[in-house]
Amino acid sequence: MRVAGTSTAPEGRDARRAPAPRCGDDTGVDPDQLPDGLVVADENGRVVRFNAAAERVTALRAAEALGRPLEKALPLEDLEGRRWWQLTDPYGGLAIRVRQPERNLLLPGGREVLVSARYVRAEPLGPVRRVVVCLRDTEARRRTERSHAELIATVAHELRSPLTSVKGFTATLLAKWERFTDDQKRLMLETVDADADRVTRLIAELLDISRIDSGRLEVRRQPVDIGAAVGRHIQAYVAAGQPADRFLLRIEQPLPALWADPDKVDQVLSNLLENAVRHGEGTVTIDVTPSASPREGEETGTSVTVSDEGPGIPEESMNRVFTRFWRGSKRGGTGLGLYIVKGIVEAHGGVITVGRATGGGAEFRFTLPVSTPAYLA
């Protein structure tokens, strides 16, 4: 391992965007700025508002819908072919109703949309003064369902091979223990141990994905010596047989005191270095530098850049690197590692990017805010 000094210009902060308002939010914004379709009918059941997203979802112009009866402007049917407005009867029916929960309905032509409605009354149990209908395209939900199905298929495939091996070797040893030599027994038990580790890693990845997707990934901040952490990973690779001169570690001093989750930082470093060693070529260079913090209100952060001299990542794949199931080569893996890395970095309030290194290989760079606890600030 070679260690050298380096200097890197600080990178600027990312712009932060406020979340977009949703259909039905009382924000006072222009309805055409809402991401969901919004249709409003008055006390007479005639359409008085039809925003731009509703035009996109229904393929109907607002001018054609405004002033028409709601059931004519928006002729919805349920999945069994029944007319939805006749079933729900928003202006009649029970006076205690305040809404219709979201459900899949069909537009003319069979296009499927997600529809919910609110009944606005001037007073409890009074007549309906407005019906507010929210429309959403089902494509986003279909993408989510496809992603979940793909995840299940990947997990089933990845689990089948090691579990088959574990079952086969243990059954063989139990049935024919006396027929094998000690060396043969050791080889089979080592294979079982390695396959058990593989299953454990996959389960850990699934738990991480679940926590990331649900926003429940916990970060337990402690002081972290990021340079020493990188050094430990390099020493592990050298002990496993990699040549020491394949790694170049450059640390720019002084580094700000970093507070982060040491186990999760190790997970990020392990994944990035493994990618560089397995999929890259030549020298693996790791630069640790102070930088501008990606978090508003903080001045300093710490950046780690991992680059190699391999073929790099094709330009057309750059925007897919941190998605689920992306694989840079056919050398195995679940394709979940970089998705988890991005989730961990962002849970720390940091950012991660991918690009092309000076030598032509892949370059991953993540930046973490120092995140000093308030009682030490």
Side-chain angles (χ1 to χ4, degrees), residues 1-17 212 217 219-234 247-277 280 283-309 312-313 318-319 321-322 337-374 376-377:
M1 175 180 71
R2 292 168 285 163
V3 180
T6 184
S7 176
T8 304
E11 69 179 29
R13 294 186 181 90
D14 284 352
R16 304 283 179 175
R17 291 185 178 181
I212 290 168
L217 186 67
V219 174
R220 304 181 186 275
R221 298 186 189 275
Q222 302 175 34
V224 174
D225 186 338
I226 193 73
V230 174
R232 288 194 299 271
H233 283 279
I234 293 175
F247 301 93
L248 172 60
L249 173 59
R250 301 187 295 204
I251 303 176
E252 181 184 342
Q253 299 289 355
L255 290 173
L258 175 65
W259 284 71
D261 189 316
D263 292 335
K264 290 182 171 55
V265 168
D266 272 341
Q267 193 174 351
V268 171
L269 293 173
S270 174
N271 196 290
L272 295 182
L273 285 170
E274 182 181 358
N275 281 346
V277 170
T283 300
V284 176
T285 303
I286 306 98
D287 291 297
V288 183
T289 62
S291 66
S293 174
R295 176 178 289 173
E296 291 292 338
E298 290 185 355
E299 293 297 325
T300 57
T302 300
S303 288
V304 178
T305 305
V306 179
S307 56
D308 60 71
E309 298 173 345
I313 298 170
M318 290 286 187
N319 62 343
V321 166
F322 297 110
L338 289 176
Y339 177 82
I340 294 172
V341 163
K342 183 174 184 288
I344 291 174
V345 170
E346 291 181 346
H348 281 81
V351 295
I352 185 167
T353 58
V354 61
R356 187 169 293 279
T358 304
E363 177 181 282
F364 289 89
R365 175 185 173 92
F366 69 91
T367 303
L368 301 178
V370 294
S371 298
T372 305
L376 291 179

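Nothing fancy with the numbering, it's 1 onward along the sequence. Keep in mind the model is a prediction, meaning the values are calculated, not measured. Below, all heavy atoms of this structure are taken into account, side chains as well, without hydrogens, waters or symmetry copies.
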**Item:** Nearest heavy atoms of V224 and A260, plus distance in Å
**Value:** CG2-O, 3.5 Å
**Asked** Between M318 and I313, what is the shortest heavy-atom contact and its length?
**Response** CE-O, 3.5 Å
**Request:** First locate atom CD1 of I226, then atom CD1 of I286, and finally report the distance between them rounded to the nearest 0.5 Å.
**Result:** 11.5 Å
**Request:** Could you tell me whether the side chains of S303 and R365 share a donor-acceptor contact shorter than 3.5 Å?
**Result:** yes
**Request:** Could you tell me whether the side chain of D287 reaches within less than 4.5 Å of the side chain of E252, counting heavy atoms only?
**Result:** no
**Fill in**
What one should report as the nearest heavy-atom pair of P254 and P290 is O-CG, 3.8 Å
**Prompt:** Is F322 close to I352 at the side-chain level, that is, under 4.5 Å between some pair of heavy atoms?
**Reply:** yes
**Prompt:** So how far is it from L368 CG to T300 OG1, rounded to the nearest 0.5 Å?
**Reply:** 12.0 Å
**Message:** Using the side chain to side chain donor-acceptor pair (under 3.5 Å) criterion, which residues pair with D266? Sequence neighbours excluded.
**Reply:** H233
**Asked** With E346, which residues qualify under side chain to side chain contact (heavy atoms under 4.5 Å, CB included), at least two apart?
**Response** K342
**Asked** Hey, does T285 have a side-chain heavy atom less than 4.5 Å from the side chain of R250?
**Response** yes
**Message:** Quick check for you: to the nearest 0.5 Å, what is the distance between T289 atom OG1 and Q253 atom CD?
**Reply:** 11.0 Å
**Message:** Regarding D261 and R220, does a basic nitrogen lie under 4.0 Å from an acidic carboxylate oxygen?
**Reply:** no
**Prompt:** Any idea which heavy atoms bring I344 and I212 closest together, and the distance?
**Reply:** N-CD1, 4.5 Å
**Asked** So how far is it from F366 CZ to T353 OG1, rounded to the nearest 0.5 Å?
**Response** 11.0 Å
**Fill in**
In terms of heavy-atom contacts, A362 and A357 come closest through O-CB, 4.0 Å
**Request:** Would you please test V304 and F364 for side chain to side chain contact (heavy atoms under 4.5 Å, CB included) and show each step?
**Result:** CA-CA 8 Å; V304 178; F364 289 89; over 6 Å; no
**Complete:** Looking only at heavy atoms, the pair that brings H348 and P369 closest together is O-CG, 3.3 Å
For residues 267-276, please give each side-chain donor-acceptor pair under 3.5 Å, one per line with the distance, not counting sequence neighbours.
from	atom 1	to	atom 2	distance (Å)
Q267	NE2	D208	OD2	2.8
N271	OD1	N275	ND2	3.3
E274	OE2	R278	NH2	2.7

**Asked** If you measure from CG on L258 to OG1 on T302, what distance do you get to the nearest 0.5 Å?
**Response** 5.0 Å
